[in-house]
Amino acid sequence: MSYLCRVTGTMRLLLSILCVFGMLLTPAVQAQEAVQTEQAGCPIIKVAAERLPDLNIPRSGHSVFVANGEVTVVGGHTSGFVLTPTAEYFKDGEWHLLQTVYAHDGGFSVVLKSGKVLLAGGFKDNLGISQSFEVEMYDPTTHHFDGFGCLDQKRASATAIELDSGQVLITGNWYADDAMECFDGQTSFSHVKTVRQPRYLPHLFRTSDGDIMVLAGYDNKGQPIDSLMVERMKGEPFRAPLFETWHPLQYDLALHSDDSFIGDDTYLMPVQDKDGQMAIAEVCDTVFSLLPTDHPVPMAGPWGKISYYAPVYADRQHQRSYVMGCDSTGRQYALCIDYAQKPAKLTLFHTDPLTDGLTITIPVMTNDGNLVLTGIKQVTKPNFNFSPTALVWLLRFNDDSHAASASANHGWLWAALAFALLVLIIAGIALRRRRKQPLPSDSEPSPGEDLQSTEATKLLLNDIIQLIEDKKLYLNSEIKVSDVADALNVNLRIITNCLKVERGCSLTQLLKNYRIEHAKQLIVSHPELKMVNIAMESGYANERSFFRDFKQATGMTPSEWQMAQKD
């Protein structure tokens with residue numbers, strides 16, 4: 001026991017040292033001029049808000065995305081709560097105004113793998129009344145909009161996500177019936193299935209078996225859903241234990257589900273308990289749990305209560321994500337979640353007052369990991385929907401040139417950090433050997449539980465690997481977690497947790513690795529085969545997914561890799 005106490009104390013000391021080094025080495029923190037403070041143990045740091053040129057048209061209820069490297073806003077309504085069939089893209093330091101085919105106020109947008117953007121739905125009339133069927137496609141290379149069809153049912157406040165097949169799943173509505181429908185990737189929209197719980201602005205989460213989960217905390221009239229149900233595009237609905245205590249945060253902003261994707265079939269989502277305390281939920285396949293964090297999410301700053309109002313925006317390049325908030329002084333907040341750290345490190349960034357009171361905005365994450373805030377509006381102002389603004393601000397968290405300078409000036413810190421990490425790893429291994437606890441095969445971790453490697457998970461991993469290799473499951477494009485779970489007579493969430501703990505990946509990622517290695521063997525041994533045949537023979541349902549995964553794994557396309565083997 002005394003040994004464990006010494007090891008635990010050492011680890012805590014080292015973690016404290018690492019936190020100090022992390023703050024010194026993080027470019028976003030070094031770039032700030034203000035003195036750091038703390039609130040409930042969470043560092044609070046001022047971030048400079050850079051005023052960008054105003055939009056040509058004041059707007060709210062618009063969509064915002066990055067396409068072809070350009071921040072683009074589409075639709076919404078302007079002063080007087082009047083629909084605006086316009087769009088603007090930011091290039092060369094100014095906003096360029098475009099005419100759209102339709103007005104999409106409260107509509108949805110999806111940046112497709114092709115680079116084009118699907119735009120659809122929204123309110124049909126001024127004042128946010130009724131819904132529309134209208135659909136168009138935006139080509140950011142030509143800045144051209146093309147109206148081409150209509151939704152299966154009229155919608156506003158919907159969400160959509162592109163599938164691996166190139167189709168797009170759409171669901172959600174406002175004061176109208178809800179259902180799931182699908183865009184075929186060409187011109188047609190068709191009904192998929194009815195829903196048990198109608199929703200507005202739902203989250204859409206991919207699972208490793210190719211399904212889509214649908215979840216929202218509020219129904220199609222904006223009322224909280226008391227008994228939350230997670231519905232699926234293909235599978236049966238289920239209830240997650242996490243939502244007996246926690247409830248998804250309410251938004252009034254257009255959602256892009258992939259904004260909260262952090263990799264390996266994992267998403268982050270803000271949730272609240274009955275007392276209003278916020279936390280971050282981690283969604284991995286069908287497992288919903290709380291993300292362990294080094295501090296509770298701060299609900300107030302030095303100037304008063306913080307109202308969080310946005311989903312998670314992930315910067316996958318730097319392995320950080322942000323949730324936006326505001327207070328009555330006009331300050332904007334960005335809760336930074338360093339999710340690569342275990343537990344995740346929280347930092348609260350704040351601006352100077354940007355307006356006179358409580359304000360919300362529609363953010364977008366730029367390609368370099370900074371946030372652009374568009375169309376800020378004061379929600380405390382009477383009839384605020386009638387007075388949108390053209391304000392645009394940039395919150396700069398990443399500056400590559402500054403990071404390079406910081407790295408050169410603090411080489412000694414990197415050396416100390418490396419040494420501390422090495423000692424921490426050794427101490428962690430020693431501690432883990434003395435704290436092994438088997439994970440029962442007939443139970444599953446509770447939401448937010450910190451999963452650990454045990455003898456049971458190691459044995460289960462061996463069984464999973466043996467099953468995959470003996471049966472060559474990776475050659476089946478339709479294999480699912482449930483198939484592996486059934487074959488091993490184990491709960492599917494135990495399978496998911498085992499792979500997460502022992503391999504740090506999902507079943508989908510594990511199968512991808514096998515498929516890529518199988519494809520490499522085929523490319524070398526059968527050079528006469530076409531790449532589409534290689535893809536099919538390696539367990540892929542389509543050539544697009546094969547090319548994407550192969551380049552992600554090797555840094556080259558299959559053809560480039562084949563040529564490299566000949567050199």
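Given the structure is predicted, the values throughout are model-derived calculations rather than measurements.
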Look only at the side chain of Asp105 and the backbone of Leu83, and say whether a donor-acceptor pair between them is shorter than 3.5 Å.
no

Partner of Arg59 by side chain to side chain donor-acceptor pair (under 3.5 Å), out of Thr78, Thr374, Thr86
Thr86

Quick check: are there more than 12 heavy atoms from other residues, nucleotides or ligands sitting under 6.0 Å from CG of Asp177?
no

side-chain hydrogen bond (donor to acceptor under 3.5 Å, both in side chains) partners of Asp273, counting only residues at least two apart:
none

Show which side-chain atoms of residues 228-243 pair as donor or acceptor with protein atoms under 3.5 Å away, not counting sequence neighbours.
| from | atom 1 | to | atom 2 | distance (Å) |
| --- | --- | --- | --- | --- |
| Glu231 | OE1 | Arg196 | N | 2.8 |
| Glu231 | OE2 | Arg196 | N | 2.8 |
| Glu231 | OE2 | Gln197 | N | 2.8 |
| Glu231 | OE2 | Arg199 | NH1 | 3.0 |
| Glu231 | OE2 | Arg199 | NH2 | 3.2 |
| Arg232 | NE | Glu236 | O | 3.0 |
| Arg232 | NH2 | Glu236 | O | 3.4 |
| Arg239 | NH1 | Ser227 | O | 3.0 |
| Arg239 | NH1 | Ser227 | OG | 2.8 |
| Arg239 | NH1 | Leu228 | O | 3.2 |

Any donor-acceptor pair under 3.5 Å linking the side-chain atoms of [Y] with those of [X]?
X	Y	result
Asn68	Tyr89	no
Asp315	Tyr322	no
His203	Thr159	no
Ser130	Asp125	yes
Thr266	Glu282	no

Verdict with reasoning, Asn367 to Val66, per side chain to side chain contact (heavy atoms under 4.5 Å, CB included):
CA-CA 8 Å; Asn367 291 340; Val66 175; 3.7 Å; yes

Report yes if the distance between the aromatic ring centroids of Tyr218 and His247 is under 6.0 Å, otherwise no.
yes

